[in-house]
K.L.:
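First the structure, then my questions, so here it is.
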Amino acid sequence: MKKFLRSSLMSVLLAGVLFGAVATTQADTRLVSTDALVTELIFALRADRYLVAVDVTSHLPPDYRPLKIVGYHRNLSAEGLLSLSPTLVIGSEHMGPAPALDALRQAGVTLLQLSSPDHPKQLRDNIQRVAESLGLSETVAPLLARLDQQLLALESQPITGSSAAFLLATDPAKLRLAGHGTTGEAFIRLTGGHNVADFTNYRTVSAESLLAMDPDIIILAGQEKDHALDSFIKSNPVLAHSRAARFGHIIAVDGSTLVAGLSLASIEEARQLILAVKAN
């Protein structure tokens, strides 16, 4: 009996030590996000308390506490990052340059590089990897369940058979059309539509060329969503004669939700687009 009690006491003490180590590790975490998608996931997982810095593309809630800005994810400064005493840096596979990453590793900083998702499965994998890196098993399950519900909603009402053109609307007079292998095409696939472009990457096209393609839907991706449509038609009046314009299917989406690939917010943008198409 005494041996059993001693064994039980040792188990309790050991569990306490291990729990304390995990708690201390989490409490000491100093996290830097070098990617807009990563920052979104950190907030969705309610782990923003660990953040000490973000990149220039990350969006923070209004009146959020001040955070350092580390610059552009492809051109990071090892000295600048190390001055923040980070324990964990999370970004995409495009994070760099390589010498800066090597310097961080040599300094004992943990690096986690995620894919830029062009499919919901990759987004799901990224959520799980970020949660695992921060020991957030209690918040990841509800977030994944929410993602699954959003995807089911999309799959239940796709715009199958519709052709779509995805345009970067940063300059209404310069039509940058998304081709194969782009986040724009990945967004079209989310809706169930198919891309009218027959090339890879992004390419500048004329309004007349786009009119000849005559897609069912024209998607405008920019930051000023409310003003994108008016600016687009004013700069490209010939497209008022397009099939998309005639049916009210020139639709603006928030391009910031697609900066780093498919995001949680872009799933909602796809749902809103589908509702807008079906309403007309």
K.L.:
Specify the closest pair of heavy atoms between P215 and L210, including all atoms of both residues, with the distance to one decimal.
P.N.:
CD-O, 3.6 Å
K.L.:
Begin from the C-alpha positions of T139 and R46 and carry the test side chain to side chain donor-acceptor pair (under 3.5 Å) through to its verdict.
P.N.:
CA-CA 7 Å; T139 56; R46 301 201 299 274; 5.7 Å; no
K.L.:
Salt bridge or not between E268 and R271? Use side-chain N to carboxylate O under 4.0 Å.
P.N.:
yes
K.L.:
Same cluster for L167 and V238 if Ile/Leu/Val/Met/Phe/Trp/Tyr side chains link at under 4.5 Å?
P.N.:
yes
K.L.:
Linking I/L/V/M/F/W/Y whenever their side-chain heavy atoms sit closer than 4.5 Å, directly or via other members, would L112 and V70 fall into one cluster?
P.N.:
no
K.L.:
Are R129 and D125 close enough for a salt bridge, meaning some N to O gap below 4.0 Å?
P.N.:
no
K.L.:
For residues L88 and V109, report the shortest heavy-atom separation together with the two atoms involved.
P.N.:
N-CG1, 4.2 Å
K.L.:
Establish, yes or no, whether the cationic atom of R74 lies under 6.0 Å from the six-membered ring centre of Y72 and within 45° of the ring axis.
P.N.:
no
K.L.:
So for atom NZ, which belongs to K278, do other residues, nucleotides or ligands contribute more than 12 heavy atoms lying within a distance under 6.0 Å?
P.N.:
yes
K.L.:
First locate atom OG of S115, then atom CD of E93, and finally report the distance between them rounded to the nearest 0.5 Å.
P.N.:
6.0 Å
K.L.:
Parallel, tilted or perpendicular for F43 and Y64, by the 30°/60° rule?
P.N.:
perpendicular
K.L.:
State, to 0.1 Å, how close P86 and V89 come at their nearest heavy-atom pair, and which atoms those are.
P.N.:
CB-CG2, 4.1 Å
K.L.:
Roughly how far apart are T183 OG1 and I188 CD1, rounded to 0.5 Å?
P.N.:
11.5 Å
K.L.:
Identify the heavy atoms of L123 and L262 that sit nearest to each other, and give their distance.
P.N.:
CD1-O, 3.7 Å
K.L.:
Flag yes if more than 12 heavy atoms outside F199 fall under 6.0 Å of its CZ atom; otherwise flag no.
P.N.:
yes
K.L.:
Could you pull out the closest heavy-atom pair between T87 and D28, with the gap in Å?
P.N.:
CG2-O, 3.7 Å
